[in-house]
Amino acid sequence: MTGPRPDPDLVRPFVRAGGRDRPPASVRLETLVRAAGAACGTLPPDAHRVMDLVGGARGALAVADIAAALDLPIATARILVADLLDCRSLATPISTRSHQPDISVLQEVLRGLRAQV
């Protein structure tokens, strides 16, 4: 965090996210993002804080980590990250959908865990 905000509860989360209260389904808590370019000029201050945080990271950060580091509500962080992805300021290093494990592997892991109990 670049510095403490005067009163973080003074501004409601939906105002911080441009009046939106529902994040897109494509940006989940575990979505990894990295800086890809300069921040768009018309974004709210919190989006610029996201860019500062991600730009200073060595690798990709998860949306949950961004929300925690900047003390933002999860939904607000997801909306801000989606906006930054749309204007190509952020990028996802891998496609999360193409790298999901096969359901049969997950079922086998679950069977193994249940056998341990």
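The analysis underlying the following values was restricted to heavy atoms, covering all of them including side chains, and did not include hydrogens, waters or symmetry mates.
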Nearest 0.5 Å please: distance from the [atom1] atom of [X] over to the [atom2] atom of [Y].
X	Y	atom1	atom2	answer
Asp46	Asp83	CG	CG	11.5 Å
Leu80	His48	CG	NE2	10.5 Å
Leu61	Leu90	CG	CG	9.5 Å

What are the two closest heavy atoms between [X] and [Y], and how far apart are they?
X	Y	result
Ala67	Ala77	CB-CB, 3.6 Å
Ala36	Arg88	CB-O, 3.8 Å
Val54	Ile66	CG2-CD1, 3.7 Å
Ser26	Thr31	O-OG1, 3.9 Å
Ala47	Leu84	O-CD1, 3.7 Å

Checklist entry - Does the side-chain contact (heavy atoms from CB on, under 4.5 Å) test come out yes or no for Leu32 and Thr92, once each step is laid out? => result CA-CA 6 Å; Leu32 296 174; Thr92 55; over 6 Å; no
Checklist entry - In terms of hydrophobic clusters joined by side-chain contacts under 4.5 Å, are Val50 and Ile74 together? => result no
Checklist entry - Would you say the side-chain atoms of Arg78 pair up with the backbone N or O of Val27, donor to acceptor, closer than 3.5 Å? => result yes
Checklist entry - Considering only heavy atoms from C-beta outward, does the side chain of Ile79 approach that of Thr76 to under 4.5 Å? => result no
Distance-only criterion, 3.5 Å: show the donor-acceptor pairs between side-chain atoms of residues 108-117 and protein atoms not counting sequence neighbours.
unit_1, atom_1, unit_2, atom_2, d
Glu108, OE1, Arg111, NH1, 2.6

